[in-house]
Q: 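Mind looking over this structure? Questions follow.
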Number of protein chains: 2
Amino acid sequence: MSTQERRGSRERLSTQERLVRSTQELLWERGYVGTSPKAILERAGVGQGSMYHHFSGKSDLALAAIRRTAEGMKETAQECLTTPGTAYERVAAYLLRERQVLRGCPIGRMTQDRDVVQSPELRAPLDEMFDWLRGRLAEVLTDGQRRGELAAGLDPVATAATVAAVVQGGYVLARAADDTAPFDAAVEGVLALLAAQVVHPAPRPDSR
Amino acid sequence: MSTQERRGSRERLSTQERLVRSTQELLWERGYVGTSPKAILERAGVGQGSMYHHFSGKSDLALAAIRRTAEGMKETAQECLTTPGTAYERVAAYLLRERQVLRGCPIGRMTQDRDVVQSPELRAPLDEMFDWLRGRLAEVLTDGQRRGELAAGLDPVATAATVAAVVQGGYVLARAADDTAPFDAAVEGVLALLAAQVVHPAPRPDSR
DNA sequence: GTCTATAAAGCGATAGAC
DNA sequence: GTCTATCGCTTTATAGAC
């Protein structure tokens, strides 16, 4: 970690760091096939030689960018899923967190890129990230069942996959409509279905 | 409609038809950015002049292909959603229909293509298709409520968006994992949540 | 480390013969 | 209608000066 990396402004970052961040942005906006080294260099404000000095080529740079993005997504999700509250509330926090819906998921979008999915190295971070996410969601749901908050009949693993899929599919529907409404509706729908699994203790007549 | 179009074999189709079908396949496999006119021509087995005679260019040909694919998807979905049975069973028929999960959704994938979503003309068929799908799913669910099969508290519009999102997101998760399991789990999860909304009439002790 | 120059290949489109 | 030839541009990468 150089001292330069502490500041947020692009100008003070190392060449390597600027390349990775530019690639992260462009992969999100245009996908792997749609992102050219030239575009990356222009956004990073460096010459072609710098890129081929630090990275072996486009795929190597994309790998660094995808790994970085996947790590960031895990951190964001983890924050939502560890908020205090019931299991339902933690899942809701994940589903309702602020998102740039019309931009879609920077990791999910990579799954539609042929070159990415066909390369075991480039696909690995996606696989690992979604696997982790489903695992964490399942943990939260299992935890809710143990505490008696959620119905025992609920399948935590299947439900976790559903929750993750709703988010990814919500992005797809929203981008097709050029409108965030379908995303919000999909989230609202799954939250309502999940709410029906919340166990309400019988109200005690003598409770204060 | 020429007589040639009646047969299934590629050889007997018109040049125009071969171009459209080749484009449909390539858009599914490689997306819009990843599909070159050259690749289309090679798959269709025609020269470059033929393509520019029948279509104004790549985007024009893509428009024809996307419209065709969207129509096909509507027909397939409609078949599932009009099967005899309860509302739950019809939604289940849609969710559980045979799919080439790892290939993803040919329409959903287009939402990750910058050039497609940024063109109102190319995006229109996607928008229309998903809007129609959510509408039909909502109709089936509303129908189920009217017949007393589904809980009155269920929001048909939101739930329809959830169901559509689970399918689209399921594709994303499956492609990331290079495994159909996450898709199946997501579908299983939403079906279980929906099953909890099915109203079971109180068993009549005197029933035969 | 970073730059510019160059290259071979592919891109989307056009021209014009047949 | 269909073909081949060609165009101007971009892509990904390499070479070599500084």
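Each chain gets a letter, A, B and so on, in the order its sequence line appears, and its residues count up from 1. Side chains are part of it too, since the values below use all heavy atoms of this structure and drop only hydrogens, waters and symmetry mates.
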Q: Does Ser36(B) put a side-chain nitrogen or oxygen below 4.0 Å from OP1 or OP2 of dG10(C)?
A: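 So the side chain of Ser36(B) is outside the cut-off, no N or O lying under 4.0 Å from OP1 or OP2 of dG10(C).
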
Q: With sequence neighbours left out, what residues match Phe183(B) under ring pair (Phe, Tyr, Trp, His ring centres under 6.0 Å)?
A: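 In terms of ring pair (Phe, Tyr, Trp, His ring centres under 6.0 Å), with neighbours along the sequence ignored, Phe183(B) is linked to Tyr171(B).
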
Q: Kindly write out the residues that satisfy side-chain contact (heavy atoms from CB on, under 4.5 Å) with Arg114(B), not counting sequence neighbours, or none if the list is empty.
A: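 With sequence neighbours excluded, Arg114(B) shows a side-chain contact (heavy atoms from CB on, under 4.5 Å) to Glu29(A), Arg30(A), Gln118(B), given in chain and number order.
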
Q: Residues two or more places apart in sequence or in another chain: which of them pass side-chain contact (heavy atoms from CB on, under 4.5 Å) with Arg136(B)?
A: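 Partners of Arg136(B) by the side-chain contact (heavy atoms from CB on, under 4.5 Å) criterion, ordered by chain and then number, come out as Gln78(B), Leu81(B), Thr82(B), Trp132(B), Glu139(B), Val140(B).
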
Q: Can you sort out which residues in residues 45-52 of chain A have a heavy atom within less than 4.0 Å of DNA chain C? Ascending by number, please.
A: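 Of all residues in residues 45-52 of chain A, the ones placing a heavy atom under 4.0 Å from DNA chain C are Val46(A), Gly47(A), Gln48(A), Gly49(A), Ser50(A).
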
Q: Can you list, by residue number, the residues of residues 111-124 of chain A that have a non-hydrogen atom closer than 4.0 angstrom to DNA chain D?
A: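 When residues 111-124 of chain A is checked for heavy atoms under 4.0 Å from DNA chain D, there are no hits whatsoever.
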
Q: Tell me, do Tyr32(A) and Ile66(A) make a side-chain contact under 4.5 Å, heavy atoms counted?
A: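 Sidechains of Ile66(A) and Tyr32(A): no contact.
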
Q: Which residue pairs pass the salt bridge (charged side-chain N to carboxylate O under 4.0 Å, His left out) test when at least one of the two sits in residues 164-193 of chain A, sequence neighbours left out?
A: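 Every candidate salt bridge (charged side-chain N to carboxylate O under 4.0 Å, His left out) pair involving residues 164-193 of chain A fails, so no pair, neighbours aside, qualifies.
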
Q: Please list, in numerical order, the residues of residues 53-67 of chain B that have a heavy atom closer than 4.0 Å to any atom of DNA chain D.
A: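 Hits under 4.0 Å, by residue number: His53(B), His54(B).
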
Q: Taking any atom closer than 4.0 angstrom to a non-hydrogen atom of chain A, what span of DNA chain D does the protein reach, first nucleotide to last?
A: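 That gives a stretch of dT11(D) to dT14(D).
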
Q: So, do Thr162(A) and Leu191(B) sit near enough that their side-chain heavy atoms are less than 4.5 Å apart?
A: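 A side-chain contact under 4.5 Å is absent here.
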
Q: Is there a side-chain contact between Phe55(B) and Leu63(B), using heavy atoms and a 4.5 Å cut-off?
A: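 SC-SC contact between Phe55(B) and Leu63(B) ruled out.
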
Q: Decide, yes or no, whether a salt bridge links Arg68(A) with Glu17(A) under the criterion of side-chain N to carboxylate O below 4.0 Å.
A: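 Salt bridge flag = yes for Glu17(A) with Arg68(A).
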
Q: Once side-chain contact (heavy atoms from CB on, under 4.5 Å) is applied, do any residues pair with Lys38(A), and if so which ones, sequence neighbours excluded?
A: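 Ser36(A), Glu42(A).
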
Q: Any salt bridge (charged side-chain N to carboxylate O under 4.0 Å, His left out) involving residues 84-102 of chain B? Give me the pairs, sequence neighbours left out, ordered by first then second residue.
A: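 Pairs touching residues 84-102 of chain B that pass the test: Arg90(B)-Asp143(B).
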
Q: Not counting sequence neighbours, which residues clear salt bridge (Lys or Arg N to Asp or Glu O under 4.0 Å) with Asp131(B)? List them please.
A: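 Asp131(B): salt bridge (Lys or Arg N to Asp or Glu O under 4.0 Å) contacts with Arg134(B).
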
Q: What residues, two or more places apart in sequence or in another chain, satisfy side-chain contact (heavy atoms from CB on, under 4.5 Å) together with Ala192(A)?
A: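 None.
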
